[in-house]
Amino acid sequence: MTTTPVSPSLIATLPGRHYTDPELFRQEQEHIFESMWFCAVRGADLARPGAFRTVQVGRESVIVTRTRTGELRAFLNICRHRGARLCTEESGEVRRTLQCPYHAWTYDLEGKLVAAPNLVRMPDVDRVAYGLVKVALREWLGYAWVCLADEPPSFEETVLGAAVERLGDVAAIEHYGTEDLALGRRIVYDVRANWKLIVENFMECYHCATIHPELTDVLPEFADGYAAQYYVGHGAEFGEGIRGFTVDGSEGFATLPALSAGQDRRYYAITVKPTVFVNLVPDHVILHRMFPLAEDRTLVECDWLYAPEVVASEADLSKSVELFHRVNEQDFEACERTQPAMASRAYRNGGVLVPNEHHIGIFHAWVLEKLGGGHAGSVH
Ligand code: FES
Ligand code: FE
């Protein structure tokens, strides 16, 4: 397994093929992205009834829409007649129904088949049974999380559990009131790297001193390479003289109202496997959603969320956004630099993790377990 020591200090990573093999990626789609809760859409992006977005979840296209009564619903983006893709747009808004562009089967926003040419002459057709295929949906932090599994895993254990594991309890993240925050900025990064390289990068800070000068100025404890974020309940403290989580350490915005005293002047990072990173700072929340598209390509949608009054006042967010935007660019460049090497014979048996990175071995073991335990065989 991945935790086998190579030497007392070093343990092996996954072999290179785990980052380059389309068949292994297909298995990850099936056993990870299509089996777990997947953070798909920000609820506020679907503000009005009839608004929809389509998202790629594993190998499936999923429609998330808001009903007339204001609920979010998710369906497979497939017409029940002869299988045409129902919505080809990434986002849009309909009045009351979704109509297939092929033979005009028409579904209401609850997914029920409500009209089709000659449908009245087929009274035996069950309009619910031939409605759109529903996908499980939960809302948390203001986002719609969907799960394609017939029997979704416990949301509490697999999603909320990540916050508990990291912060000690779920109340600590609830203090940020993320679901009530407003979108200040969204940047989508098209990263030419396997999604696991992005997760691994986010999980360690061994690289912080080398590639993140602005971040380590604000959070000096990151400069020593320890993943301080991985001690339960610990958040990295702002350096002396740092006034806010901004690119130059200048003043940010008012501290979010419900934070506890200990959460002021600290940064917390949470990885919600498989595809979400949540970054908590006193005056905003940064949430990354990954959409793995291929073994070597991942879209990362990053939202900067602020108190509604900050966004409404059209305050200048640039120094605030710039800090993590730089971190993102620095991180994704590192991941893209690593991706081609995964196919090299030098990486046939993988690389190594230093002690500061040993917890990444737990992530690797988790991936292997999802792929079916012994599947990957020995990593050596
Ligand atoms: Fe959609 Fe025929 S495939 S109406
Ligand atoms: Fe980084």
Side-chain angles (χ1 to χ4, degrees), residues 52 54 61 63 75-89 94 97-108 111-122 125-127 129-133 187 189 191 193-230 235-236 245 247 267-271 276-281 286-288 290 298 300 302 322-339 353-354 356-357 359-360 363:
F52 69 85
T54 55
S61 174
I63 307 174
F75 308 103
L76 294 183
N77 189 9
I78 300 285
C79 178
R80 293 300 303 281
H81 174 223
R82 298 249 309 282
R85 179 162 287 203
L86 203 58
C87 299
T88 48
E89 308 286 306
V94 295
T97 56
L98 296 159
Q99 187 176 66
C100 178
Y102 195 177
H103 315 87
W105 278 36
T106 304
Y107 306 87
D108 72 12
K112 186 180 161 193
L113 177 65
V114 290
N118 305 327
L119 187 62
V120 286
R121 280 186 244 150
M122 299 178 269
V125 173
D126 182 329
R127 296 176 178 213
Y130 284 93
L132 298 176
V133 177
I187 300 178
Y189 303 86
V191 186
N194 183 276
W195 68 281
K196 297 189 296 300
L197 291 179
I198 299 173
V199 174
E200 292 161 13
N201 173 277
F202 190 76
M203 290 180 77
E204 53 94 357
C205 210
Y206 191 45
H207 67 269
C208 288
T210 327
I211 69 172
H212 296 318
E214 302 88 356
L215 184 66
T216 50
D217 276 352
V218 172
L219 306 172
E221 67 189 86
F222 273 11
D224 73 8
Y226 277 86
Q229 64 265 42
Y230 282 90
F245 195 77
V247 72
Y267 163 90
Y268 298 86
I270 306 165
T271 305
V276 175
F277 309 137
V278 187
N279 305 273
L280 305 168
V281 293
I286 304 157
L287 193 141
H288 298 74
M290 289 193 288
T298 309
V300 185
C302 184
E322 184 65 15
L323 176 52
F324 226 88
H325 174 54
R326 284 197 198 176
V327 169
N328 285 338
E329 289 194 320
Q330 291 154 350
D331 279 334
F332 300 152
E333 192 192 326
C335 293
E336 289 185 338
R337 191 177 312 122
T338 308
Q339 179 66 33
L353 300 169
V354 300
N356 296 350
E357 303 170 306
H359 56 283
I360 294 173
F363 169 64

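Side chains are part of it too, since the values below use all heavy atoms of this structure and drop only hydrogens, waters and symmetry mates. Counting convention: from 1, in listed order, for ligands and their atoms alike.
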- Task: Tally every protein N/O/S atom whose distance to the Fe ion (ligand 2) is less than 2.8 Å; waters are neither shown nor counted.
- Result: 4
- Check: H81 side chain, W105 main-chain N or O, donor-acceptor pair, under 3.5 Å: no
- Crowded around F363 CZ? As in, over 12 foreign heavy atoms under 6.0 Å? yes
- Given Y268 and N279, is the side chain to side chain donor-acceptor pair (under 3.5 Å) satisfied, shown in steps? CA-CA 6 Å; Y268 298 86; N279 305 273; over 6 Å; no
- Query: Leaving out waters, which are not shown anyway, how many protein N, O or S atoms lie closer than 2.8 Å to atom 2 (Fe) of ligand 1?
  - Reply: 2
- Message: When you compare the side chains of D331 and H212, does any donor N or O come within less than 3.5 Å of an acceptor on the partner?
- Response: yes
- Message: Please check: side-chain N/O of D126 versus main-chain N/O of A129, any donor-acceptor pairing under 3.5 Å?
- Response: yes
- Task: Identify whether the distance between the nearest side-chain nitrogen and carboxylate oxygen of E200 and K196 falls below 4.0 Å.
- Result: no
- Message: If you define the side chain from C-beta out and look only at heavy atoms, does anything of T88 sit under 4.5 Å from P101?
- Response: no
- Yes or no on ring pair (Phe, Tyr, Trp, His ring centres under 6.0 Å) for Y267 and F222, after CA distance, side-chain angles and deciding distance? CA-CA 11 Å; Y267 163 90; F222 273 11; 5.7 Å; yes
- Query: For the atom pair CG (L98) and CZ (F75), what is the distance rounded to the nearest 0.5 Å?
  - Reply: 7.5 Å
